[in-house]
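To keep things clear, I will list the structure first and then write my remarks on it.
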Amino acid sequence: MTTRGVVYAEPDARPAVEEITLDPPGPHEVQVRVEACGVCHSDLHVVETRGWGLRFPILLGHEGAGIVEEVGEGVTTVAPGDRVVIAWRAPCGDACPACLRGDPRRCSNNLRARRRLHRASDGALLAPVLRCGCFADRAIVHEACAVKVPEELPVEQACLLACGFSTGAGAALWATPVRPGSSVAVIGCGGVGLAVVQGARLAGAERIVAVDVAAPKLEHALALGATDTVDASAGDPVAQVRELTGGTGVEFAFSAIGAAAGLAQAVRMCAFAGVATMVGVPSPGARLDVDLDSELFMPHVSLAVTHGGDTIPQQDFPFLAQAALDGKLDLARFVTSTIALEDVPDRLERLGQDGEIRAVAVL
Ligand SMILES: [Zn+2]
Ligand SMILES: [Zn+2]
């Protein structure tokens, strides 16, 4: 079968739509006809880091949803015709220390399909980003990564559950669970940060302070559940958050930007015994500048890291989808434009500009 996909062929090449071929799905693998895939920052990160450690050629896209088209031997969880969100996390269940102690949210051994897609031009095996490769008409993933969700949820919204939305919401709901009635700060109100705002609201936070330098993003944050905003371009955001909270700081601070300064600010915004959570993917070599005595130990601040919101996709994605259908989450607001697959390389280069939250490629 020949299809199309966005291929990043070599370190200095610009990603481009190419013809690709695929082998049939193997045991416990599922072939999905991709219907939608969001343009997430991690795909740009792959280009900016010249491959993010993957072998070239690389197939981009990891925030996809679609319809199961074919299943391999032994697949029992989904059937052709099912609408699925393609997860890049799929806890192994029984083969890593975290899963063995009953904590699959910290699995270090995610299940994956074999690589089955090739460049049509030379037959080279493609490395799909985060085992997904969803900027393509077809994806082949492990059945554990194909998460059934209700068809009533529009597919361009459903795909956001695959990465950006579940990463942000999951950070507040599951990675470092926000307590009802607590205070929260979110640094960086792009797609992931705004999803932290939504997760914190769903968790019952009383105060949610959104921090960004861009006014349009702060407006989105207010519409999505933030109770206060801090314009970081107008002065030290830490001082502003402290002032808003009567000098005490917040119980939970999330850094949804990759820059180390964001995490340092999160630490400094914390109240006594607060938790600073690192949600954004950092640049290689970035270092944290925090005074261990006065800013971490004495105020008893904890530092936490989350990968993708530490979700268990098979249980959390349907939960989030239902919450969206029930009107408790506003996924629709996150989709600020829909584009064609051909437009993906261009959009990657303009990511986060023009007040965009998410551009979603609809195939
Ligand atoms: Zn595991
Ligand atoms: Zn992503």
Side-chain angles (χ1 to χ4, degrees), residues 6 8 15 28 34 36-49 52-54 58-65 85-112 127-136 139 141-145 147 156-171 174-175 188 190-196 199 254 256-258 278-283 305-317 320 331 334-335 344 347-348 351-352 356-361:
V6 179
Y8 176 30
H28 297 287
V34 179
C37 181
V39 182
C40 175
H41 196 276
S42 305
D43 283 299
L44 179 62
H45 190 74
V46 171
V47 178
E48 287 175 342
T49 58
W52 206 14
L54 292 166
I58 294 166
L59 179 60
L60 295 176
H62 65 279
E63 194 174 78
V85 169
I86 297 170
W88 55 263
R89 291 175 52 79
C92 70
D94 58 6
C96 81
C99 287
L100 286 170
R101 68 171 184 261
D103 185 12
R105 294 196 183 278
R106 277 83 191 179
C107 177
S108 56
N109 186 35
N110 290 293
L111 298 169
R112 59 168 73 194
V129 167
L130 290 167
R131 308 167 200 85
C132 297
C134 295
F135 284 140
V141 298
H142 193 283
E143 69 172 314
C145 302
V147 183
E156 69 275 12
Q157 296 178 32
C159 72
L160 305 187
L161 300 178
C163 185
F165 191 88
S166 56
T167 294
W174 300 299
V192 171
L194 291 171
V196 176
F254 296 86
I257 60 176
M278 181 180 187
V279 189
V281 178
S283 307
V305 168
T306 176
H307 290 177
D310 291 10
T311 54
I312 301 172
Q314 293 287 353
Q315 71 185 51
D316 297 339
F317 291 5
L320 293 172
L331 280 175
F334 283 72
V335 184
V344 169
R347 282 308 174 104
L348 268 180
L351 203 63
E356 181 106 274
I357 305 180
R358 258 308 185 263
V360 175

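Both counts, for ligands and for their atoms, begin at 1 and track the order of listing.
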Problem - N/O/S atom of H41 inside 2.8 Å of the Zn ion (ligand 2), strictly under - result: no
Exercise for the section: Could you pull out the closest heavy-atom pair between H62 and C37, with the gap in Å? Expected result: N-SG, 4.0 Å
Practice task
Assess whether atom CZ of R106 is packed by more than 12 heavy atoms of other residues, nucleotides or ligands within 6.0 Å.
Solution key: yes
Completion exercise
In this structure, CD1 of I58 is separated from CG of D43 (nearest 0.5 Å) by 10.0 Å
Practice task
Taking the Zn ion (ligand 2) as the vertex, measure the angle between atom NE2 in H62 and atom SG in C40; round to 10°.
Solution key: 110°
Practice task
Quick one: the SG of C99, the Zn ion (ligand 1), SG of C92 angle, rounded to 10°, please.
Solution key: 110°
Completion exercise
Between C107 atom SG and C96 atom SG, the angle centred on the Zn ion (ligand 1) rounds (to 10°) to 110°
Practice task
Take the angle between the ring planes of W52 and H45 and call it parallel below 30°, perpendicular above 60°, tilted in between.
Solution key: perpendicular
